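Structure, as C-alpha cells:
Since this is a predicted model, take the numbers as computed values, not measurements.
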Amino acid sequence: MATVMHGRRKGQERSTPDRHMPNDGMMMPNGTDLRDVTVLSKADWNRIQMQLHRKELEEARVRRMREEKEQLKNISKEMVKDWGNTIIGTRTRKLEARKLREQKEEEERLAIDLEEAKYQAQQRREAIEKAKTQQYYQTDRVKNFHSALMLTEVLKERDAQLELKKLKELASQGKDKEWYDKARREYELAIIQDQDRARNRIHAAKETQQFHVAQIREHMKAREEVEFEDQKEGEELQKLASQYHIEKERLENIKRDEKAQLMRDNMNQIQDKATIKKVLDQQEEDEDEECRIFAAAKRKMMKLRAEKEREIHNEKQRNLEKIREKLAAQLKQKVSDEDERIRKAVEEAEEKRAKEEAEKELKRRKDMEESAVHRNKQMKEAEQKKKEERRQELETIRIRQAADEIFRRNEEEKRVRRRDDASELKDFHAKQANERIDKAHQAKHEALALDAANQALLSVEEQQFQEYASKVIEHCEKGGRNVYPLRKAAQTGAGGGKGPVFNGKGGIRPSYMVMDKSGKQMPHYQKDSTEETKDTIYGQAPSKKRLGFVW
C-alpha cells in the first residue's frame, strides 16, 4: 500500500487542541493528526502518477515507435541495397556501365587532348622563338645594322649592275635570238609543269573529299547508335520513374494514415487533459468554498462576541441605574433606615456585581486562552513564513552571488582576452613594421639585382650583337662587298648617340644636344687645338681621360 500524508489547506485546519487535552494516540510528534492522513492503494498511486506524467510517457512512446520505424527502414535499405534483381539494382548496374563507358571515352578524349596539347606546345615554342627573333630584329641597333647591310647590298648590287651593263654591251651583238629561243622554251616547260601540278592537286582534292564523306557517314552512324541507346535508356528510366511515383504515392498514403492516427491520439489526449483539469478545478473550488465558509463563520463569531460585550455593558448600566432609582425611592420612603437599607442594597449590588465580574472574568480568560492559542498558531505560521521567505532570500542572494561570480570571471576573462588581443595586435604591428622594413630592403636589393641583371643582359646583348655583326661583316668581306657602313653601324655602345661610351650604364652611347633652338647633336670629333688649350689653361693633369664632354 502507498501511504500519502498531507495537511489541510489554510482555512481547513482543525482548531488547535487545548494544552490540557489528553493525547489519545492519534497525534504524531510533529503535531500531525493521523485522522487527517489519506491512505492510497498502489493502483491509485500508479493511476495518479500516470495522470501526472502522461505527456512524458506518451512522448516517450511516440519517440520509441518512431525510432523503431526508422531502424526497420534502415534494415530494409541495408538488405536490398546489394540486390541485383531490383529496380534500383538494375538502374545501378546500368549507371555503372554508363559510367565505365563515359570514363573510357573520357580517357580517349584525354589522350587526344594530350596529343593536341603537345602539338600546340610545340607550335607555341616555335612561335615564341620566331617572335623572339622578330623582336630582336626590331631593336634599333639591329635595324640600323640591317639598314647598313641593306646599303652594302645596294652598293654591291650597284657595282654588279654596272658590271652587268658592261658585259651586256660586250655580248649583245648577235645573241638576242638565242636568248629569245631559250626564254620561250623555259616558258613552255613552265606551263607544262604548272598543268601537271594542277592535275595532281585536283586528284588529291577528290581523294580528300571521298575520305571526308566516308568519315562523315561513320560519324552519323555512330551518332545514330548513341541516340538509339539514349532513347532505350530513356524508356527504361521512364518505367523506373513511373514505378517510383507509384511507390512514393503508397508511402504518402501510409504517412497520411499515420498522421491521422497521431491526430486522433492527440485529440484524445487533449480531451483527457481537459477532463482532469475540470476535476482539479472542481476540487480547488470546493476547497475555496470551505475556506470562505470558515472565514464567514469566524467573522460572525467575532461580531456576536462584540454584540455580547455591548449587551453586558448595557445591562451593567441598567442595573446601576435601577440601583440608583431604588436607593432614591428607599431614601424617600424610609429616612430612618436609610443607612441599613443602603448597606443591604450595596451588598446585594456588590454580590451581583461580583458574580457578574466572576462570570465575565471566566469568559474573558477562556477567550484569552483561545486568542492565545490562535495567536500562537498565527505566530508559528508567520515564523514559518518568515523562515521560508528568509530561505528564499538567502537562495536568491546565493544565486546573485553565483551570478556575480560568473560575471566577475567573465569580466576577468574579457580583460585577459583584451590584454592578449592587445599584445597580439602589438606583436602584429611590430611584425608588420619589420615586414615593411624587410620589404624595403628586399625591394632595394631587388632593384640593385635588377640593375646588375640589366647590365649583364646588356653585356650579353652587346656580345651577341657583336658576334652577329662580326659574322655578317666577315661574310660580306668574303663576298667582296663594301663593309664600311656595317663597321660604322656595329661600333660599340648602344643608344645611337655620338658621345663616349658609359661603362657603368651598360655600355650605352648617349647623345649631347646643343643649347639653342636648333636641337642638333654636338660633334664627337676632337682636334689637336683642344689638347693645347687644356694644357695652356690647366697644365699637365695627372689624368688624360676625357670627362665625357666633347666639343
Start with the C-alpha distance between Glu370 and Lys366, add both sets of side-chain angles, then the distance that settles side-chain contact (heavy atoms from CB on, under 4.5 Å), and finish with yes or no.
CA-CA 6 Å; Glu370 292 180 355; Lys366 185 177 179 181; 3.9 Å; yes
Please report the C-alpha distance between Glu388 and Arg391 in whole Å, then the side-chain angles of each, then the deciding distance to 0.1 Å, and finally whether the salt bridge (charged side-chain N to carboxylate O under 4.0 Å, His left out) criterion is met.
CA-CA 5 Å; Glu388 182 65 22; Arg391 187 187 64 79; 2.4 Å; yes
Given side chains that start at C-beta, do those of [X] and [Y] come closer than 4.5 Å, heavy atoms only?
X	Y	result
Arg47	Asp44	yes
Arg415	Arg419	yes
Glu348	Lys352	no
Asp257	Gln261	no
His429	Lys426	no
Glu258	Ile254	yes
Glu227	Arg223	yes

Who are the salt bridge (Lys or Arg N to Asp or Glu O under 4.0 Å) partners of [X], not counting sequence neighbours?
X	value
Lys386	none
Glu446	none
Arg54	Asp272
Arg101	none

Going by atom types only, do [X] and [Y] share a side-chain donor-acceptor pair under 3.5 Å?
X	Y	value
Gln123	Tyr119	yes
Arg250	Asn253	no
Asp420	Ser423	no

Can you confirm whether more than 12 heavy atoms, excluding those of Gln135, are under 6.0 Å from its CD atom?
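12 or below, so no.
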Just checking Gln384: does its CD atom have more than 12 heavy atoms from other residues, nucleotides or ligands closer to it than 6.0 angstrom?
no
Between the side chains of Glu106 and Arg109, is the shortest nitrogen-to-carboxylate-oxygen separation below 4.0 Å, so that they form an ion pair?
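Answer for the salt bridge query: yes.
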Does the distance from a Lys or Arg side-chain N to an Asp or Glu carboxylate O, for Glu381 and Lys385, drop under 4.0 Å?
no
Excluding sequence neighbours, so at least two apart, what forms side-chain contact (heavy atoms from CB on, under 4.5 Å) with His445?
His441
Considering residues at least two apart in sequence or located in another chain, which fulfil the side-chain contact (heavy atoms from CB on, under 4.5 Å) criterion with Glu351?
none
Drop me the distance from [X]'s [atom1] to [Y]'s [atom2], to the nearest 0.5 angstrom.
X	Y	atom1	atom2	result
Leu110	Gln103	CG	CD	10.0 Å
Leu394	Lys387	CG	NZ	13.0 Å
Arg418	Leu425	CZ	CG	14.5 Å
Leu100	Glu105	CG	CD	11.5 Å
Lys248	Lys255	NZ	NZ	9.0 Å
Ile270	Met263	CD1	CE	8.0 Å

With salt bridge (charged side-chain N to carboxylate O under 4.0 Å, His left out) as the rule and sequence neighbours excluded, what pairs involving residues 355-365 come up?
Lys316-Glu357, Glu361-Arg364, Glu361-Arg365
In short, salt bridge (charged side-chain N to carboxylate O under 4.0 Å, His left out) pairs touching residues 398-410 with sequence neighbours left out are Glu395-Arg398, Glu405-Arg408, Glu405-Arg409
Tell me every residue that passes side-chain hydrogen bond (donor to acceptor under 3.5 Å, both in side chains) with [X], counting only those two or more places apart in sequence or in another chain.
X	result
Gln215	none
Asp230	none
Glu252	none

Pair Gln51, Ile48 - check side-chain contact (heavy atoms from CB on, under 4.5 Å), show working.
CA-CA 5 Å; Gln51 290 294 334; Ile48 292 171; 5.7 Å; no
Closest non-hydrogen atom pair between Lys55 and Gln269, with its separation:
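So the two residues come closest at CA-NE2, 3.6 Å.
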Could you go through residues 430-440 and list every donor-acceptor pair under 3.5 Å that involves a side-chain atom there, pairing it with any protein atom two or more places apart or in another chain?
residue : atom : partner : partner atom : Å
Asn434  : ND2  : Ala430  : O            : 3.1

Full working for side-chain contact (heavy atoms from CB on, under 4.5 Å) between Val373 and Lys377:
CA-CA 6 Å; Val373 171; Lys377 182 179 178 182; 5.6 Å; no
Step by step, work out the side-chain contact (heavy atoms from CB on, under 4.5 Å) result for Gln282 and Lys278.
CA-CA 6 Å; Gln282 185 64 33; Lys278 288 181 180 179; over 6 Å; no
